[in-house]
Amino acid sequence: EKGGFATFMEKEIYDQPQAVADTLLGRSDAEGNLILDELRISEDELKSIRKIIVLACGTSSYAGMVAKYAIERWCRIPVEVELSHEFRYRDPIIDANTLVVSISQSGETMDTLMAVRYAKEQGARTVSICNTNGSTIPRESDAVLYTHAGPEIAVASTKAFLAQITAAYLLGLYMAQLTKKLYSQEIKDILADLAEIPAKVQQILDNASQIKDLARAMAEASSVLFLGRNVGYPVALEGALKLKELAYIHAEGFAAGELKHGPIALIDEGQPVFVVVPSPMDRHSLHAKVVSNIQEVRARGAKTIVVAEAGDETVKEYAEQVFYVPETQPMLMPLLTTVPLQIFACELATAKGYDVDQPRNLAKSVTVE
Ligand code: M6R
């Protein structure tokens with residue numbers, strides 16, 4: 001059942017090309033029109049949406065952060081992302097023109113379920129992005145967009161995360177199609193790039209030996225920092241969470257721009273810092289800014305480990321190690337840059353002799369508040 005892998009975690013990391021492909025399957029026609037029948041909210045209702053609130057916990061909330069960048073860019077609708085357990089206990093402003101998108105692998109996370117119920121009571125439309133057919137959150141939501149990652153057994157989420165991001169992109173494209181905020185050619189182009197993602201993830205998996213070697217060499221690290229910016233920021237948070245969960249190593253993810261506002265004080269000789277570098281094609285020209293962050297931490301003694309897009313030669317000079325991922329459009333990069341970080345955490349934890357499928361103190365689905 002582990003498909004020849006030693007652990008479910010490893011199998012699920014290697015399942016990711018399929019998870020993304022299956023989540024895309026059948027959701028657009030040959031003309032590049034999105035077909036999301038399962039949405040079950042009328043087109044008119046969706047067109048009237050003025051605000052989107054994404055609710056989730058843990059890894060799923062990082063998929064929500066990626067969704068925010070994509071939906072705001074493509075649909076020009078404001079998106080807030082909030083941890084479900086925080087959302088419920090303030091007085092959020094919701095009405096019938098608010099779309100609440102919950103993201104949950106299990107569909108049973110109590111914090112998220114309670115938040116969705118609350119949002120419904122307040123009159124919001126609710127959509128669930130979920131990996132588990134027939135689970136409670138999709139059942140109680142107005143509509144569901146299933147991720148087709150297949151059952152995720154390992155406690156730490158991997159393939160569900162990539163599938164959630166994929167589904168969030170589809171939702172964003174669908175809304176952009178309805179509201180005509182993107183030209184149909186733009187939607188087609190993004191869909192074509194998405195269709196290439198599974199093969200690109202496979203390429204990363206096929207060339208994982210460098211990152212695995214690094215992970216084994218770093219088994220004694222006591223703290224690892226992760227920096228990212230824009231869509232790379234949630235990737236940095238996810239890289240840090242995987243390392244905490246699997247290897248019990250202190251790890252923090254930061255928005256790279258925040259470095260000078262405090263975290264740079266943590267940097268001293270030998271501190272490992274992963275940097276998720278934006279595409280050189282990013283339209284906000286963030287690439288140069290993040291490259292200068294690499295220089296700043298390196299000048300203070302950090303051991304810099306960089307995840308960058310293939311062909312990006314500029315980072316080489318400042319990095320101890322560079323892991324290249326295939327090129328794609330900047331918005332889609334999280335589907336690729338996450339993968340080396342997952343492999344790193346899984347391999348490092350395995351080198352330490354830990355059970356990566358059942359990390360201590362954690363449950364696969366958190367059904368208590
Ligand atoms: O099933 P859900 O997606 O609602 O779960 C949310 C979190 O509990 C989950 O992502 C958790 O953070 C994982 N341990 C991450 O690896």
Side-chain angles (χ1 to χ4, degrees), residues 7-13 15-16 19 23 54-67 81-88 100-117 119 126-141 144-168 226 234-249 251-253 334 338-339 341-346 348-349 354-369:
T7 60
F8 282 111
M9 170 106 224
E10 214 186 331
K11 172 185 179 288
E12 289 163 6
I13 290 174
D15 278 348
Q16 292 184 114
T23 301
V54 181
L55 299 177
C57 302
T59 290
S60 300
S61 75
Y62 304 146
M65 290 171 71
V66 176
V81 187
E82 193 156 3
L83 295 167
S84 314
H85 36 87
E86 283 296 319
F87 171 81
R88 279 184 66 204
V100 164
V101 179
S102 65
I103 307 183
S104 175
Q105 187 287 129
S106 61
E108 300 295 347
T109 298
M110 186 58 76
D111 288 317
T112 303
L113 174 61
M114 299 307 269
V116 169
R117 281 188 186 157
T126 54
V127 175
S128 150
I129 293 181
C130 185
N131 197 45
T132 311
N133 273 4
S135 55
T136 312
I137 296 171
R139 272 207 326 266
E140 294 202 12
S141 299
V144 55
L145 184 53
Y146 280 112
T147 48
H148 296 300
E152 194 180 61
I153 310 292
V155 167
S157 186
T158 54
K159 63 177 179 174
F161 180 59
L162 259 60
Q164 288 165 341
I165 294 174
T166 306
F226 292 78
V235 173
L237 294 172
E238 173 62 3
L241 181 61
K242 286 289 91 89
L243 203 57
K244 291 176 206 173
E245 287 187 303
L246 299 172
Y248 319 140
I249 290 178
E252 291 298 330
T338 301
V339 179
L341 305 184
Q342 297 168 332
I343 297 171
F344 177 78
C346 182
L348 196 153
Y354 296 144
D355 178 351
V356 292
D357 288 341
Q358 299 276 355
R360 68 186 182 200
N361 308 340
L362 296 176
K364 180 64 184 161
S365 95
V366 184
T367 52
V368 290
E369 255 202 273

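What you see below is based on every heavy atom in this structure, not just the backbone, and it leaves out hydrogens, waters and symmetry mates. One-based numbering, in listed order, for ligands and for the atoms of each. Everything numeric here is computed off the predicted structure, so don't read it as measured data.
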(message) Can a side-chain donor-acceptor contact be found between Thr136 and Glu108 if the only test is distance below 3.5 angstrom?
(response) yes
(request) Below 4.0 Å from any atom of ligand 1, which residues have a heavy atom? Give them in chain and number order, please. (result) Cys57, Gly58, Thr59, Ser60, Ser104, Gln105, Ser106, Thr109, Val155, Ala156, Ser157, Lys242, Glu245
(request) Quick one: list whatever passes ring pair (Phe, Tyr, Trp, His ring centres under 6.0 Å) with Phe344, sequence neighbours left out. (result) Phe274
(request) Compare all side-chain heavy atoms of Ser157 with those of Glu152 and state whether any distance is below 4.5 angstrom. (result) yes
(request) May I ask you to say whether Glu369 pairs ionically with Arg88, meaning some side-chain N is under 4.0 Å from a carboxylate O? (result) yes
(message) I need the minimum non-hydrogen distance between Tyr62 and Glu238, along with the two atoms involved.
(response) CD1-OE1, 3.4 Å
(request) Could you go through the side chain to side chain donor-acceptor pair (under 3.5 Å) check for Ser141 and Ser128 one step at a time? (result) CA-CA 6 Å; Ser141 299; Ser128 150; 4.5 Å; no
